[in-house]
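A short write-up of the structure that comes next.
As the structure is a prediction and not an experimental result, all values here were calculated from the model.
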Amino acid sequence: MQVAELDLDIGPDTLEPPPHAGPHGARGAPAPRVLALRPGPGGAPVGPGDVFVLVRHRGRPVGTLTATVPYGSDPAEVLAAAARDRLARPPAGRPSPGATRHRAARDRGSPGAAKAPEATGTSGASGTPGTSRTPGISRAPGTSGAPGTPGTPGGEARRAGPPRTSVVVATRERPGRLARALDSLLAQDHPDFEIVVVDNAPLTGATRELIERKYGERVRYVLEPVPGLAVAHNRGVAAADGAVLAFTDDDVVADPHWLTALTAPFAEDPRIGCVTGLILPARLTTPAQILLESHGGFAKGFAPRTYDPARPPADEPLFPFTAGRFGSGANMAFRARALRAAGGFDPATGTGTAARGGDDLYAFVRILADGHRLRYTPDALVWHHHRETERDLRNQAFGYGAGLTAYLTALVARRPGLLPALLARLPRGLAHARTMTAHREGARGVPGEHGTASHPWPRSLSRLERRGMLAGPLGYVRARRRVRGLPLPWEER
């Protein structure tokens, strides 16, 4: 399956169904004006066949769709028409975008399209595509197709430049992938940032050689001999000088606007302690990659959302322990003083330890438990290279389960005061975990819809996830023994 970006000018005429429009959308409405059609990072030009498309509105991500481009057709025309049809056809039970736009304009007493408010304590829309062959686009609920306006709840964003930022990339023996990621990071439009590469328990000098030979003073090299992603991230925290610390992986390609979008909320709201962003697949060429994206991938939707511990969201009964909803470690940033005050990342969690994962989830909940807000913004986009083989996917499924229970064990071990709240949510939490890891039959060949029970998930992977959940607490205990006495790098003398 091809991956592409389609940038459109989505005007009001596109979104308002004409009087003769039927139940399947505004077939008579004009297609949005195509500003650009680009292949995914490093991909070939879009041609005939199945396409997974990121739809942008004047550069800003607003949703995804899947469609088939017939032989002999213009891909841009086909995909723009697919976007028009889906944008004009809201999900069942929701008002049409045009009706929403006109009602909002009438309420303000002025003409024009409504801006989508930031969702605070409400669910965001899915960001992954539908399973059917009918093109479908996922986007923020109740919007006119334009992206949400970032800013403080209930008001316009305060204009302020993004703060000085350090981008930390932990890596181990993957210089080819690292180079691709670093090239995208050096192309960021952020006005003031540095890049810190942490070489974690290297077996060779390949990473150091790459940095010295190709990047020189543009990228800082730091060595961390103790294996583990969280340990490496903590070393990066110690080395970084930014007021904001951004983290991504060596297997991503960052959108040029990624860092600016990811760090802007820290200037807008002093209570923000963490910001996460959108992660989409850079490739969907193998069955394992498609299956992972079908299971939800890493996307958290296209509706901006702020999680505030002072106002727990009514639709999140497990808050704040459903940390997987907040974001993922390949696209996250923290206010430096808040992360350091929380003790950084738990070194007994993460890839490279017996815990197998959970380092990012632990940090999200710690930030919220300390009273800071967490914001998700889809404007901050990275493209992730999913694992390609069935073996990789099996390891990842086990790691998902292990990381989930490992991070919960870490929370109880390091913040015992959270135990009563965790126990109170345990029955619902177990039911939620059973649902999320359940075996599901479904269509193959195109990614499934995130956030539903319609996507396929083989029984073998379901079992691995649940086995991982059972192994997570013991894995954390083993990993913690290994790092016992390891000081926080920024507190070393």
Side-chain angles (χ1 to χ4, degrees), residues 168-174 196-205 207-208 221-240 245 247 249-251 321 323-324 328-330 332 334 339-367 369 387 392 394-416 418-419 422 464-493:
V168 177
V169 184
T171 188
R172 188 172 192 261
E173 301 300 335
R174 301 204 293 189
V196 178
V197 169
V198 181
D199 197 2
N200 187 212
L203 301 174
T204 70
T207 298
R208 180 191 289 270
Y221 174 90
V222 177
L223 174 65
E224 174 49 66
V226 178
L229 182 58
V231 176
H233 278 167
N234 282 342
R235 179 61 61 184
V237 172
L245 309 178
F247 298 85
D249 293 344
D250 61 6
D251 55 0
F321 300 111
S328 297
M332 61 183 181
F334 298 85
L339 183 59
R340 291 188 177 115
F345 298 90
D346 187 323
T349 60
T351 304
T353 71
R356 302 291 293 268
D359 52 307
D360 50 351
L361 309 182
Y362 170 84
F364 297 156
V365 178
R366 277 301 307 265
I367 288 293
R387 303 186 186 190
D392 289 336
R394 288 174 63 85
N395 289 337
Q396 194 163 13
F398 184 88
Y400 280 164
L404 172 64
T405 53
Y407 106 81
L408 293 173
T409 306
L411 284 174
V412 173
R414 293 185 174 271
R415 284 291 299 269
L418 293 174
L419 181 59
L422 179 59
L464 280 170
E465 275 196 288
R466 292 178 176 182
R467 283 173 53 191
M469 291 173 63
L470 293 175
L474 180 58
Y476 175 76
V477 171
R478 290 171 52 200
R480 189 168 182 182
R481 288 174 180 169
R482 186 175 182 181
V483 299
R484 182 174 295 166
L486 188 68
L488 293 173
W490 55 90
E491 295 178 352
E492 293 177 351
R493 297 184 183 275

Considering non-hydrogen atoms only, spot the tightest contact between [X] and [Y] and give its length.
X      : Y      : result
Thr349 : Ala355 : CA-CB, 4.0 Å
Ala239 : Val196 : CB-CG1, 4.3 Å
Pro225 : Ala201 : O-CB, 3.4 Å
Asp359 : Thr351 : OD1-N, 4.5 Å
Gly329 : Asp249 : O-OD1, 4.2 Å
Asn234 : Pro489 : O-CG, 3.6 Å

Residue list, salt bridge (charged side-chain N to carboxylate O under 4.0 Å, His left out) with Asp250, at least two apart or on another chain: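 For Asp250 the salt bridge (charged side-chain N to carboxylate O under 4.0 Å, His left out) partners, ignoring immediate neighbours, are Arg174.
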When you measure from the side chain of [X] to the backbone of [Y], do you find a donor-acceptor pair of N or O atoms at a distance under 3.5 Å?
X      : Y      : result
Arg356 : Gly472 : no
Tyr400 : Leu464 : no
Ser328 : Ala330 : no
Asn200 : Val226 : yes

To the nearest 0.5 Å, how far apart are [atom1] in [X] and [atom2] in [Y]?
X      : Y      : atom1 : atom2 : value
Leu408 : Leu419 : CG    : CG    : 11.0 Å
Leu470 : Thr405 : CG    : OG1   : 7.5 Å
Arg466 : Leu404 : CZ    : CG    : 12.5 Å

Arg415 atom CZ, over 12 foreign heavy atoms within 6.0 Å: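 Counting other residues, nucleotides and ligands, CZ of Arg415 exceeds 12 neighbours.
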Scan the side chains in residues 476-486 for donor-acceptor partners under 3.5 Å anywhere in the protein, sequence neighbours excluded, and list what turns up.
from	atom 1	to	atom 2	distance (Å)
Tyr476	OH	Asp346	OD2	2.7

Pairs flagged by salt bridge (Lys or Arg N to Asp or Glu O under 4.0 Å) wherever residues 394-406 is involved - sequence neighbours left out: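 Listed by first then second residue: nothing to list.
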Aromatic ring pairing Phe334/Phe345, orientation class (parallel under 30°, perpendicular over 60°, tilted between):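 Ring orientation of Phe334 relative to Phe345: perpendicular.
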Side chain to side chain contact (heavy atoms under 4.5 Å, CB included) between Arg172 and Leu203, worked out: CA-CA 8 Å; Arg172 188 172 192 261; Leu203 301 174; 3.7 Å; yes
Side chains of Asp360 and Phe247 in contact at under 4.5 Å (non-hydrogen atoms):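 When only atoms from C-beta onward are counted, Phe247 and Asp360 do not touch, as no gap falls below 4.5 Å.
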Check: Val198 and His233 side chains under 4.5 Å, non-hydrogen atoms: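 His233 vs Val198: side chains apart.
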Steps toward side chain to side chain contact (heavy atoms under 4.5 Å, CB included) verdict (Val412, Leu422): CA-CA 9 Å; Val412 173; Leu422 179 59; 3.5 Å; yes
